[in-house]
2 protein chains.
Amino acid sequence: MNIGEAARVSGVSAKMVRYYESIGLIRSVTRTQSGYRVYSDDDVHALRFIRRARSLGFSVDETSQLLALWHDKSRASADVKAFALKHVAELETKIAELQAMSRTLQHLASHCHGNDRPDCPILDDLADDSSRASR
Amino acid sequence: MNIGEAARVSGVSAKMVRYYESIGLIRSVTRTQSGYRVYSDDDVHALRFIRRARSLGFSVDETSQLLALWHDKSRASADVKAFALKHVAELETKIAELQAMSRTLQHLASHCHGNDRPDCPILDDLADDSSRASR
DNA sequence: CTTGACCTTCCTATGATGGGAAGGTTTAGA
DNA sequence: TCTAAACCTTCCCATCATAGGAAGGTCAAG
């Protein structure tokens, strides 16, 4: 099948399929005489795998490692589990960072009258971050 | 003061100070005869404001809008509050996305034996995402 | 044989940041 | 007074994953 159909059935855009090939994430598929890429069901399967891994927040590099684990029939499930849990830890770190931002902003907003007067503790905080330490 | 000192006291790298100037986030400061940038306390104040806004997850563009609100002495605090709360909503959306990823991965990992056998439900899921719908 | 829907490669941009090269300036010390 | 170190300047490149678009070749249906 052509790249367009492979893109459609895998959910990965044709643009990204070419990109993934260029960086070596997927193998270079065979071509027709005229140069069109030809994809097999296995290729589409790999593309779906990639799309799913990306949707779980794995980087392209990490996805590459997951593909290697997938193809390595002799790997231990412990290796895969450790890899997944390491990513979970990174996600949790990121979540905690965003929650800290959100919490701070909500706190500031709760002290802002939100009326038509100009004085606003949110901007006051941004303008003088030493206030955070002393208050 | 020179850009190096301004960077040190504001917490924004000299590299970024030049970048912020190049994109118009901060004004072009005056120069010495030899071309060195010269920063005032007000300039440093603005840089601190920017650093704090960035640390709360505002984009450079949003930071620019915050700077405008800061300098607009007649704006209503309601405008600032609405702006902040919109950002909180975006943060919460992002948090929810990451939490969904984390939850899914934790769920998969909990079903993985994590031993030296090769079979692993994590990779099975990645390899066949139709399983998610049917199970 | 034409037209439209494909496909190809190549270049550009995004957002925020850092690295580094090549070269000019300033300052402190010998 | 000279020199070396520590500054500064601009300019280019890289990151990461993705998209847009141009210029041109191919294929299939009418």
Side-chain angles (χ1 to χ4, degrees), chain A residues 1-26 28-40 43-44 46-67 87 90-91 94 97-98 101, chain B residues 1-26 28-40 43-44 46-67 87 90-91 94 97-98 101:
Chain A
M1 86 189 77
N2 281 344
I3 197 171
E5 196 185 343
R8 234 170 288 123
V9 300
S10 71
V12 178
S13 74
K15 211 85 184 182
M16 290 313 296
V17 173
R18 292 193 197 95
Y19 172 68
Y20 288 154
E21 180 187 317
S22 79
I23 62 172
L25 183 63
I26 55 176
S28 296
V29 296
T30 52
R31 306 273 190 134
T32 63
Q33 271 195 325
S34 56
Y36 283 22
R37 290 173 179 82
V38 178
Y39 293 87
S40 67
D43 294 323
V44 169
L47 287 171
R48 283 225 193 85
F49 182 103
I50 290 167
R51 192 199 44 156
R52 176 94 179 111
R54 298 283 300 115
S55 79
L56 288 173
F58 289 100
S59 70
V60 166
D61 189 74
E62 287 164 341
T63 301
S64 176
Q65 297 178 246
L66 283 171
L67 280 169
H87 185 56
E90 289 164 2
L91 288 170
K94 195 67 191 277
E97 286 171 7
L98 295 178
M101 293 177 188
Chain B
M1 86 190 76
N2 280 345
I3 196 170
E5 195 185 343
R8 232 170 289 124
V9 300
S10 70
V12 178
S13 73
K15 210 86 183 182
M16 291 312 297
V17 173
R18 291 193 198 95
Y19 172 69
Y20 289 154
E21 180 186 319
S22 79
I23 62 172
L25 183 63
I26 55 177
S28 297
V29 296
T30 53
R31 307 274 190 132
T32 64
Q33 271 195 326
S34 56
Y36 283 23
R37 290 171 178 83
V38 178
Y39 293 86
S40 67
D43 294 324
V44 169
L47 286 171
R48 284 226 192 84
F49 183 103
I50 290 166
R51 193 199 42 155
R52 176 96 179 110
R54 298 281 301 114
S55 79
L56 288 173
F58 288 101
S59 69
V60 166
D61 189 75
E62 286 164 341
T63 300
S64 176
Q65 296 178 248
L66 284 171
L67 280 168
H87 185 55
E90 288 164 3
L91 288 170
K94 195 65 191 281
E97 286 171 7
L98 295 178
M101 294 178 188

Nearest-Å distance, [atom1] ([X]) to [atom2] ([N])?
X        : N       : atom1 : atom2 : answer
Ile50(B) : dT17(C) : CD1   : C1'   : 15 Å
Asp61(A) : dT15(D) : CG    : P     : 12 Å
Arg18(A) : dC6(C)  : CZ    : C1'   : 10 Å
Met1(B)  : dT26(C) : CE    : P     : 18 Å
Arg31(A) : dC7(C)  : CZ    : C1'   : 10 Å
Ile23(B) : dT14(C) : CD1   : C1'   : 13 Å
Tyr20(B) : dT17(C) : OH    : C1'   : 9 Å

Under 3.5 Å, which N/O atoms of the protein pair with N/O atoms of nucleotides 19-23 of chain D?
| from | atom 1 | to | atom 2 | distance (Å) |
| --- | --- | --- | --- | --- |
| dA19(D) | OP2 | Ser13(A) | OG | 3.4 |
| dG20(D) | N7 | Lys15(A) | NZ | 3.0 |
| dG20(D) | O6 | Lys15(A) | NZ | 3.0 |
| dG21(D) | N7 | Lys15(A) | NZ | 3.4 |
| dG21(D) | O6 | Lys15(A) | NZ | 2.4 |

Gap separating the [atom1] atom of [X] from the [atom2] atom of [Y], nearest 0.5 angstrom:
X        : Y        : atom1 : atom2 : result
Ile26(A) : Leu47(A) : CD1   : CG    : 5.0 Å
Arg18(B) : Ile23(B) : CZ    : CD1   : 14.5 Å
Phe49(B) : Arg54(B) : CZ    : CZ    : 13.0 Å
Ile3(A)  : Met16(A) : CD1   : CE    : 11.0 Å
Glu97(A) : Lys94(B) : CD    : NZ    : 11.0 Å

Of the nucleotides dT9(C), dA17(D), dT26(D), which has the atom closest to the Ser34(A) side chain?
dT26(D)

Within the distance-only criterion (no hydrogens, no angle test), does the side chain of His87(A) pair as donor or acceptor with the backbone N or O of Ser59(A) below 3.5 angstrom?
no

May I ask you to decide if Val9(B)'s main-chain N or O and Arg48(B)'s side chain share a donor-acceptor pair within less than 3.5 Å?
yes

dC16(D), OP1 or OP2 - any side-chain N/O from Tyr19(A) closer than 4.0 Å?
no

Within the pair Arg37(A) and dT26(D), is there a side-chain N or O less than 4.0 Å away from OP1 or OP2?
no

Have a look at Arg54(A) and say if it touches a base, only the backbone sugar-phosphate, or nothing, with a 4.0 Å heavy-atom cut-off.
sugar-phosphate

Over all strands shown, is Thr32(B) touching base, sugar-phosphate only, or nothing at heavy-atom distances under 4.0 angstrom?
nothing

Min side-chain heavy-atom separation Val17(B)-Arg37(B) under 4.5 Å
no

Between Ser40(A) and Asp43(A): side-chain donor-acceptor atoms closer than 3.5 Å
yes

Could I get a table of every N or O pair under 3.5 Å where one atom is in the protein and the other is in nucleotides 4-7 of chain D?
| from | atom 1 | to | atom 2 | distance (Å) |
| --- | --- | --- | --- | --- |
| dC7(D) | O2 | Tyr36(B) | OH | 3.2 |

